[in-house]
Every structure is written in C-alpha cells, then in structure tokens.
Amino acid sequence: MATIFDFSSRQVFVFGGTSGINLGIARSFARAGANVAVASRSQDKVDAAVAELVELGSDSRGYSLDVRDPEAVKTALATHSEYAAGIDILISGAAGNFPAFAKDMSANAFKSVIDIDLLGSFNVLSAALPYLVKPGASVINISAPQAYLAMPMQSHVCAAKAGVDMLTRTLALEWGPMGIRINSIAPGPIADTEGFRRLIPNEKIAEQTRRSVPLQRFGASSEIGDAAMFLCSDAAAYISGVVLPVDGGWSVAGASAAALAMAHKPQGK
Ligand code: COA
Ligand code: NAP
C-alpha cells in the first residue's frame, strides 16, 4: 500500500498495538519505514503482531504487559529506549469496553475501564516522558466519540475517554515547552475491530449505524493510521492539544441516536 509519508528510521511505540485499530496504526508506520514496537497483555498477540511488522520491514520488538501496572510499563519503556535510543512517536491506545448500564455495573466493573483507559494512559505517558525525543516527539492518545457524546451503556468509557482527552490537553500545555506535541484521535465506528463487535452486535444495528454516518460507511483501521501519520508528520508541526474525530462525520450527526437505538430497541422489532 503506497503512502505519502516517510518515517524512515523513526522509533514508534504503540501501546495496545497488537490488534484492531492500534495494530492498523502500527502497520501504517511500519509501511512508512518506521521501526515499531508494540505492547499488550497477551504474549501470543504480541508475538503475532511483531512477526507481521517485521514482514513489513520494521525492526520491531514486543512487550507483554498490562498498562495498569506502572512498573511493567516503566521497565518496557526503559528496555526499549535503550535499544532504540529514544522514542520519536508514542501511541497510547490500550483500552477495554463492554456494554453495560451503570446500574448493572459493580464499582470494580467501572474501575476496570477507568484503570485501563485513563490511569493506563497516564502510566504510559508519564513513564515515556524521559525517553521522548526533545524537541520533536509526537504523542497520540486514542480516544473515542464517547469522550464528548453521552451514550447509554457506556458511562465507564465516556468518563474514561473524556479524561483521556483532558490529559491530552493538559499535557499539551505542560510538554509543549519541551518541544513535544500531543493530540487525541477519536475514531468513529471502525469495521473488523473488537470495539465494533462489542458495541454493534448484529446486522440490524450495524445497518442503522452505517446509515447514521454522514459518509454512509464504516471506517478502516488504515484510515486511523493515515490520520496518526498526518498528526505525527511535519505537516502537523503546529498542531498540539487537539482531539481529531476520524469518523466520517459521525460525531456531528447521530452517534447518540444509534447508541440509543441499541440500548432501547422497541419491543417486537
Ligand atoms: N457487564 C457488567 N460488568 C462486567 C461486564 C459486563 N458486560 N464485563 C466485565 N464486567 C465486570 C466484571 O464482572 C468485574 O467486576 P466484579 O469484580 O465486580 O465482578 C470487572 O468488570 C472486571 O472484569 P474482569 O474480567 O476481571 O476484568 P479484566 O481486567 O480481566 O478485563 C475488561 C477487562 C472487562 C475490560 C475486558 O473486557 C478486556 O480485557 N477488554 C479488552 C478488549 C476490549 O475491550 N476491546 C475493545 C476495545 S475498546
Ligand atoms: P482491540 O483490538 O481490543 O484493541 C485493544 C488493544 O489494547 C489490544 O491490543 C489489547 O491487547 C490491548 N489491551 C487491552 N487491555 C490492555 C491492558 N490492560 N494492558 C495492555 N494492553 C491492553 O480493540 P479496538 O476496537 O481496535 O480498540 C482500539 C482503540 O480504539 C481503543 O483505544 C478504543 O477505545 C478505540 N476506539 C475503537 C473504536 C472501534 O470502532 N473499534 C471506536 C472508537 C475508539 P491484549 O488483549 O493482548 O491486552
């Protein structure tokens, strides 16, 4: 797949980069010449992702860890940065989601998503800071439309991703003077992903959702990769602290309606 971007010899680290959207981002950077490291919990997923990225020409390494464990995150970043001599591009995208009404969630259920998405992002970002190339590094947090659109059965994700976007904004203030840019990408419904399968469980809801996207189609992980490469390129050198929806216009037209249709399906339909 041709790309207009050139990230030759750049060092990229993608947390949660072993499947779905984040693996799509990792592939995009690898195809553009970067060396891409990935991390997630499952050693099998880490091994498979690394093998695929190496096939694409990347000098890749993988780390099996849980972003809820700050010491494990620190160790992986220290080990990798010694090998790679620093990190040019950091993507923080590890996340968990399940549809559940707030009334049906235990405190631990709500906390598990806050711990992975929000606290996990803080763990990754704060542990990476010493190794980010200064000036010049670019950081992307993977957010979601739930950060700014209230959705039923998503109170945990809405709270967590809204927090992630405020981390993006506050760290843009704190890290800007060091020459580090940080932005969020909020993907819309992206086909063939775990998040999509969990929230859009059948054909009928898929069709309703597809029609609620102004561009009338689902997105592809490669399109999130394209947006990530743009934000990390020199073409975005003056962009920091933004939340970029990459969603076919979904966030301005009907995402809440689609989620409501899922949660409150009329009887007999
Ligand atoms: N409804 C209500 N509560 C639920 C739930 C559901 N559908 N699924 C899990 N929970 C609760 C569990 O019961 C548990 O609470 P409890 O201890 O009070 O019983 C809590 O959430 C944590 O569950 P557990 O399975 O121990 O968490 P985990 O840390 O192993 O896994 C998840 C985290 C739950 C987010 C899991 O779905 C996951 O690993 N997801 C990653 C993949 C993913 O979600 N991809 C989409 C990306 S957005
Ligand atoms: P996914 O394939 O399940 O991606 C989640 C990744 O994070 C996996 O690599 C997973 O691997 C890893 N992960 C999960 N919990 C972790 C933990 N505690 N520690 C370390 N790694 C962990 O799902 P996806 O749908 O592509 O979602 C990717 C990102 O896009 C998420 O941030 C999600 O919120 C966002 N998003 C998705 C959509 C969509 O349509 N899919 C829309 C908007 C936003 P392991 O299981 O090996 O840990």
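Residues: numbered from 1 along the sequence shown. Hydrogens, waters and symmetry mates play no part in the numbers below; they use all other heavy atoms, side chains included. Note that ligands are numbered from 1 as they come in the structure, with each ligand's atoms numbered from 1 the same way.
Checking V73, V38, I21 against atom 36 (N) of ligand 2, the nearest heavy atom belongs to I21. Evaluated by nearest non-hydrogen atom to atom 1 (P) of ligand 2, the leading choice among S19, A160, G17, G24 is S19. Of the listed residues (I142, D66, D192, N141), the one carrying the non-hydrogen atom nearest atom 30 (O) of ligand 2 is I142.
The 12-atom threshold is not exceeded at CD of E55, counting heavy atoms of other residues, nucleotides or ligands nearer than 6.0 Å. Within a 6.0 Å radius of CD in Q216, more than 12 heavy atoms belonging to other residues, nucleotides or ligands are found. More than 12 non-hydrogen atoms from other residues, nucleotides or ligands lie less than 6.0 angstrom from CG of D104. Crowding of D192 atom CG: a count of heavy atoms from other residues, nucleotides or ligands under 6.0 Å not exceeding 12. Annotation: F122, atom CZ; neighbour count of heavy atoms from other residues, nucleotides and ligands within 6.0 Å does not exceed 12.
Atoms of ligand 2 lying under 4.0 Å from any heavy atom of F196, numbered from 1 in the order shown and given with element: 41 (N). Counting atoms of ligand 2 from 1 in the listed order, those under 4.0 Å from a heavy atom of S42 are 47 (O).
Residues passing the salt bridge (charged side-chain N to carboxylate O under 4.0 Å, His left out) test with D165, sequence neighbours excluded: none. With sequence neighbours left out, the salt bridge (charged side-chain N to carboxylate O under 4.0 Å, His left out) criterion links K111 to D115.
Among the atoms of I190, some N or O lies under 3.5 angstrom from an N or O of ligand 2. Annotation: D117 places no N or O atom under 3.5 Å from an N or O atom of ligand 2; distance criterion only. Residue A144 has no N or O atom closer than 3.5 Å to an N or O atom of ligand 2. Below 3.5 Å of separation, one finds no N or O of I116 facing any N or O of ligand 2. The shortest N or O to N or O distance between N22 and ligand 2 is not below 3.5 Å. Between G195 and ligand 2, an N or O atom pair is found at a separation short of 3.5 Å. Residue V67 has at least one nitrogen or oxygen atom sitting less than 3.5 Å from a nitrogen or oxygen atom of ligand 2, judged on distance alone.
Ligand 2 lies within reach of S143, whose nearest heavy atom is under 4.0 Å from it. Residue contact check for ligand 2: A186 places no non-hydrogen atom closer than 4.0 Å to it. The shortest separation from a heavy atom of P189 to ligand 2 is under 4.0 Å, placing the residue in contact. Contact analysis leaves G96 out of contact with ligand 2, as no non-hydrogen atom separation drops below 4.0 angstrom. Residue contact check for ligand 2: L65 places a non-hydrogen atom closer than 4.0 Å to it. Not a single heavy atom of Q146 sits closer than 4.0 Å to an atom of ligand 2.
Under a 3.5 Å cut-off, the side chain of S106 and the backbone N or O of A109 do form a donor-acceptor pair. A distance-only check finds a donor-acceptor pair linking the side chain of T170 to the backbone of L167 [under 3.5 Å]. Side-chain atoms of D88 never come within 3.5 Å of backbone atoms of V12 as a donor-acceptor pair (strictly under, hydrogens ignored). Within the 3.5 Å criterion, the main-chain N or O of V36 finds a donor-acceptor partner in the side chain of S58.
With a 4.5 Å cut-off on side-chain heavy atoms, I25 and I142 count as touching.
Annotation: ring pair (Phe, Tyr, Trp, His ring centres under 6.0 Å) contacts involving residues 41-63, sequence neighbours excluded, comprise F13-Y63, Y63-H80.
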Identify all N/O pairs between ligand 1 and the protein with a separation under 3.5 Å and present them as a table of atom names and distances.
{"from": "ligand 1", "atom 1": "15 (O)", "to": "S106", "atom 2": "OG", "distance (Å)": "3.4"}
{"from": "ligand 1", "atom 1": "17 (O)", "to": "N108", "atom 2": "ND2", "distance (Å)": "2.9"}
{"from": "ligand 1", "atom 1": "18 (O)", "to": "S106", "atom 2": "OG", "distance (Å)": "2.5"}
{"from": "ligand 1", "atom 1": "29 (O)", "to": "R68", "atom 2": "NH1", "distance (Å)": "2.8"}
{"from": "ligand 1", "atom 1": "29 (O)", "to": "R68", "atom 2": "NH2", "distance (Å)": "3.1"}
{"from": "ligand 1", "atom 1": "37 (O)", "to": "R198", "atom 2": "NH1", "distance (Å)": "2.8"}
{"from": "ligand 1", "atom 1": "39 (O)", "to": "R41", "atom 2": "NH1", "distance (Å)": "3.0"}
{"from": "ligand 1", "atom 1": "39 (O)", "to": "R41", "atom 2": "NH2", "distance (Å)": "3.0"}
{"from": "ligand 1", "atom 1": "44 (O)", "to": "N97", "atom 2": "N", "distance (Å)": "2.9"}
{"from": "ligand 1", "atom 1": "44 (O)", "to": "N97", "atom 2": "O", "distance (Å)": "3.4"}
{"from": "ligand 1", "atom 1": "44 (O)", "to": "R198", "atom 2": "NH1", "distance (Å)": "3.1"}

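With a 4.0 Å cut-off on non-hydrogen atoms, K45 touches ligand 2 through its side chain and not its backbone.
Between N97 and E194, the side chains place no donor N or O within less than 3.5 Å of an acceptor N or O (distance only, hydrogens not considered).
Protein non-hydrogen atoms do reach within 4.0 Å of atom 40 (O) of ligand 2.
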What's the verdict on side chain to side chain donor-acceptor pair (under 3.5 Å) for N141 and T168, showing C-alpha distance, side-chain angles and the deciding distance?
CA-CA 7 Å; N141 288 322; T168 293; 2.8 Å; yes
